[in-house]
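Taking it in order: structure first as structure tokens, then the write-up.
Values below: every heavy atom of this structure, side chains too, minus hydrogens, waters and symmetry copies.
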Amino acid sequence: METDFVPRIRERRAEKRSIRRERSQGGWRRGAASTNAMVRGMATQIPARILSKIGRRDGRAFRVTVQAWPATGGDRLREVYFLTGTTLAARMADSPEIPAHYDFGEVEGRWQRNWRDEENYFDPASPKPRYVIDTPPPYPTGNFHIGNALNWCYIDFIARYKRMRGYNVMFPQGWDCHGLPTEVKVEETHHITKNDVSREEFRSMCRELTAKNIALMRSTMRGLGFSTDWSHEYITMLPEYYTKTQRSFLQMFHKGYIYQSEHPVNFCTRCETAIAYAEVTYDDRKTTLHHFDFDGVEIATTRPELLAACVAVAVHPGDERYRPLSGRKLRVPFFGHKVPVIRDEAVDPAFGTGAVMICTFGDKQDVHWWKQHGLPLRKAIDRQGRMTGIAKGYEGKRVDEARAAIVGDMKKQGILKGQRDLEQRVGTCWRCKTPIEILSGRQWFVRVKPDEILRAAREITWIPEHMLIRLENWVTQMEWDWCISRQRIFATPIPAWFCRKCHAMILPEEEDLPVDPTQEQPKKPCPSCGARDAVGEEDVLDTWMDSSISVLHVTGWDGAGTPPFFPAQLRPQGHDIIRTWACYTILRSVALTGRKPWDGILVNGMVLGEDGFKMSKSRGNIIAPEEILVKYGADAFRQWGAAGAATGSDIMFNWNDVVAASRFQTKLWNIARFALLQLDDAARSEATPVTALADRWLLSRLSDTVAEVTRAMEEYQFDRALRAIREFAWNVLADEYIELVKGRLYAKGSGRAGAGRALAVTLDTLCRLLAPFLPHFADEVYHHLAPGNGSVHRQPWAEFPFSDPVAVRDGGRLIRLASELRRYKHEQGLALNAPFGSLTIYGAQAIDDGGDLGRALNAAVEWRTEAPRLERVVKEVRFHRAVVGPALRKQAGAFMEAVKQLPPEQLEAPPATLHIGGGDVAVPPGSFTPVFSYRIEGTAVDVVTIGDAVVAIRRAS
RNA sequence: GGGCUCGUGGUCUAGCUGGCUAUGACGUCGCCUUCACACGGCGGAGGUCAGGAGUUCGAAUCUCCUCGAGCCCA
């Protein structure tokens, strides 16, 4: 039976590959037939997939890890079975307290239930230094997407780190509720349009949907293990918050920041609302370019129906054809008004006839010219998409009807010169695909004062630094003020009325807020004429008006002056919204408090799909955080977030990195498990001295790691921090140290206590370093390590000054000897634990390793300081360019050539000067070292050179 | 069209103020059932550092140009 159970090695390797492949593809399938058959031989009721097997050919002990599906159905289980005799007996592990396998689902769920929200609350009364984070309030779509998740990982790393460093941390969570997407979703789900129900009813439907979506996103955030301060949650659609939005509006109005003006906006004539640029989608459509005679000048246009709105004709300043037109006025066909000819660089002389008509407004370029040249405004299209009174003869016609009619009339009059097809990108309403019109209306604006914004922006620390340039460029080239009015419903109402009698503006008092002017009348009569009949402003505020006071809100703004916790310490956000959220927040903070909003801003990159493009529904490259959580868990995801890319650069999602993270976690678990199983009373006692070389070497390396990780955390370089931890845990601790001292630990001799102590200290420190990144894992291990101490997240940050230069130097040699001799042994075809005979190590200094090397290699080791009786031959020369270059400059190349030509004895004892190119040159000390090889005559001894040591190996027969 | 960023083995990535044999992961190939871990260990192959020019004793790194990609904005 047992022999059946041990497949031949080659088969197992293939099986291992296939298991990996399946795992990387994400799901487990029922195993290959052969595997199943073997398992069925053991326990027929359990369909299972063998993951790994350990056994002994002639012994009794087999261990089999299988993936099993319980007979009752439900989730698959992963368990370890021990084969005793011919039956499978299910057992968890050899230690009941420390399971052999780390079950991330179970552990993460358990800790998330154990952690209490109160542990993360900001304490306003605390004497600790403050660390207030201006967390971004996401739009409650119901999906907390992977880009958010990355950003929140960064925030959580910082929050957890700063708490351990003794800060009073505020990690609030907001929700930026208002906006069109929710309105549209509500219309879809209720099968209505917003005009079918009252404003208030519509708003309440939106609020209901938003609340549902917030709940969904909260649960994803909890699943990722974020240490959010839920006592500082804010929701912009609630009166508590939007009262502040309205208050800020009034204050900015009174300070002269806010004004009204006529301005063009994108408008969907079917939905009868203005829409933002972000809501315009572009379609490639075929249109017709009409050439016609415009008072003697041939003009090409796709929109002849806008002739009534024509306010100028533009030509390129260098276009010779139109030089005579300069300064002239032209008469508009059909409508008779006269328009100037203007010259502008932006006109493409090669397009159409090189002369274009500027209409208010045919496209964005028209708006630009209109603004730049101070042209008059002629409205030819109304909000329903019909021609207005100025389009005499076409009044009341729809745009497309008017176009057909006017083209017909051009033909009749003989001014139509030609037509051709044109591929054109047309801006359309993202929702109904109606081509958008640019219409002018009365809008509210916030005055943008570039100097004010720049001054504050430059007082803020930008990480990475170059992100400030984006803001600077944007602010200095902004042509228009910020339009803050929207013609929508689900948003903060603009708190203003207009007197029906004298049209004066009526504003509420701050203490009367919040108000909805469409639902209520002002408390006081019109200040100009005393009338009591006012019409409420129907426009609402841009949602950036809500979110750009998030920092004021969380720092405790009550409308009077500077808030108590202002400015915040950190604003984390994406670079896609530097020009909006970051810019507007700075503008508003300066306007309302006169100060910068935060000490620093940490800009995270975008998450790109596996194909390298921004994730989007249309590309189908979206990966939801939940998918990763289910397959690999929160801690693996968080590791991906930390290590996937340098802070601030875009990060391409790839499953490999998540898999690598999860493997590191497994490795860490096994390291921790090993260490925990070694811990006895001596190891736990602070009084146990650490004296052995290897142990002191480990602690020195640990100390360096703590310093490096701390430095990286202070600079928000999470990839560097995690890399340092991985390097230490995997290479230094597991591969080098543990392999070296295992023998000492198993031997139960006198040196055991020191190694145990070193392991205990290291594991404790490692838990603290890991806590910000792998909060569940770190708490799990810490709980096993120090059961009475509570959560690792309540512990202070790792601090471990341990400087032992001798241990670093000699320990490094020892480690190198161990690893190179292990490799040598392997190359000789020996199993690594096979007897290795006796070694004599010749070195300049004796190293007291306490017998570690001998045990690790299973060899008798003798250390000698005298020179070996061997022939030494100089093999090559190694140059130290950092010494050679600065000392010799241009002669460096020639110098190195000359050194290579020296006889061996001079390489060992360099001359003071060298003759190069007709002159003597001083040999810089330390500019090169000879590399030796050794030979021996006559005896059956292998010789290996490792660094400056020579090892003579007398193999066991 | 403008701004910003980026281009490093098959794939992803580190490399900041120029100086060891260009880092690591995944993949790949070979060897190893080792008492924490086969989700492991050891080893190998695989690189014109996008291309070109310049500065320098020395360039993945600094400068300029070209090509390509991404993001944001017109």
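- Around the CZ atom of A/Arg579, the shell of radius 6.0 Å holds more than 12 heavy atoms that belong to other residues, nucleotides or ligands.
- A gap of 14 Å separates the C1' atoms of B/rA60 and B/rC6, to the nearest Å.
- A/Asp542 meets the salt bridge (charged side-chain N to carboxylate O under 4.0 Å, His left out) test with A/Arg486; sequence neighbours excluded.
- Side-chain N/O atoms of A/Arg663 include one lying less than 4.0 angstrom from OP1 or OP2 on B/rG27.
- Atom CZ in A/Arg822 sits roughly 9 Å away from atom C1' in B/rC42 (whole-Å rounding).
- Summarising the geometry, the separation between CZ on A/Arg816 and C1' on B/rC42 is reported as 17 Å, rounded to the nearest angstrom.
- Taking the P atoms as reference points, B/rG3 lies 12 Å from B/rC65, given to the whole Å.
- A/Leu888 comes within contact range of no nucleotide atom at all, as no heavy-atom separation falls under 4.0 Å.
- B/rU17 and B/rU5 are spaced 14 Å apart, taking the P atom of each and rounding to whole Å.
- For the C1' atom pair drawn from B/rC72 and B/rA14, the interatomic distance equals 27 Å after rounding to whole Å.
- Counting to the nearest Å, the P atom of B/rU5 and the CG atom of A/Leu468 are 12 Å from each other.
- At the heavy-atom level, A/Trp640 lies nowhere under 4.0 Å from the strands shown.
- The side chain to side chain donor-acceptor pair (under 3.5 Å) test applied to A/Gln678 returns A/Arg752, not counting sequence neighbours.
- Take the nearest nucleotide of RNA chain B for A/Ser662 and for A/Met606: the residue whose nucleotide is more 5' is A/Ser662.
- Per the geometry, CZ belonging to A/Arg579 stands 12 Å off P belonging to B/rU5, to the nearest Å.
- Checking the phosphate oxygens (OP1, OP2) of B/rG40, no side-chain nitrogen or oxygen of A/Lys667 falls inside 4.0 Å.
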Secondary structure of RNA chain B in dot-bracket form (Watson-Crick or G-U wobble, distances below 3.5 Å, | marking inter-strand pairs): (((((((..(((......[....))).(((((.......))))).....(((((..]....)))))))))))).

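- As rounded to whole Å, 13 Å separates atom C1' of B/rC42 from atom CD of A/Glu736.
- Atom pair A/Leu471:CG and B/rC73:P shows a separation of 14 Å (rounding to whole Å applied).
- Aromatic ring pairs are classed by plane angle as parallel below 30°, tilted from 30° to 60° and perpendicular above 60°; the pair A/Phe773 and A/Phe718 is perpendicular.
- Contact annotation for A/Gln678: no contact, since no heavy-atom pair falls under 4.0 Å across all strands.
- Atom name C1', nucleotides B/rC73 and B/rC20: the rounded distance is 46 Å, in whole Å.
- Shown here are the salt bridge (charged side-chain N to carboxylate O under 4.0 Å, His left out) partners of A/Arg726, two or more places apart in sequence or in another chain: there are none.
- Comparing B/rC62 with B/rG43, their P atoms are spaced 34 Å from each other, to the whole Å.
- Each of A/His575 and A/Trp669 was assigned the nucleotide of RNA chain B with the nearest heavy atom; the assignment lying further toward the 5' end belongs to A/Trp669.
- The aromatic rings of A/Trp370 and A/His263 sit perpendicular, their planes meeting at an angle over 60°, well past the 30° parallel limit.
- The nearest pair of heavy atoms linking A/Ala755 to A/Arg744 is CB-NH1, 3.7 Å.
- A distance of about 45 Å separates the C1' atoms of B/rU56 and B/rG41, rounded to the whole Å.
- Set against B/rU5, B/rC42, B/rC35, the side chain of A/His466 has B/rU5 as its closest nucleotide.
- Classified by interplanar angle (parallel below 30°, tilted 30° to 60°, perpendicular above 60°), the ring pair A/Phe653/A/Trp655 is perpendicular.
- What separates CG of A/Leu857 from C1' of B/rC42 is a distance of 14 Å, to the nearest Å.
- Of the side-chain N and O atoms in A/Trp730, none sit less than 4.0 angstrom from OP1 or OP2 of B/rC37.
- OP1 and OP2 of B/rG58 both lie 4.0 Å or more from every side-chain N or O belonging to A/Lys890.
- Between the CH2 atom of A/Trp581 and the P atom of B/rC72 there is a distance of 17 Å, rounded to whole Å.
- Note on A/Ile577: nothing from the nucleic acid sits closer than 4.0 angstrom, heavy atoms only.
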Annotated protein contacts, base or backbone, on nucleotides 7-24 of chain B with a non-hydrogen cut-off under 4.0 Å, one of B, S, - each: -----S-S-B--B-B---

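- The structure places OG1 of A/Thr705 at 9.0 Å from CG of A/Leu766, a figure rounded to the nearest 0.5 Å.
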Trace of the side-chain contact (heavy atoms from CB on, under 4.5 Å) decision for A/Tyr782 with A/Leu770: CA-CA 10 Å; A/Tyr782 193 74; A/Leu770 287 168; over 6 Å; no

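- A gap of 42 Å separates the C1' atoms of B/rA69 and B/rC31, to the nearest Å.
- Taking the side chain of A/Ala734 as heavy atoms from C-beta on, and the options B/rA36, B/rC4, B/rG2, the nearest nucleotide is B/rA36.
- In terms of the salt bridge (charged side-chain N to carboxylate O under 4.0 Å, His left out) criterion, A/Asp650 has no residue partners (sequence neighbours excluded).
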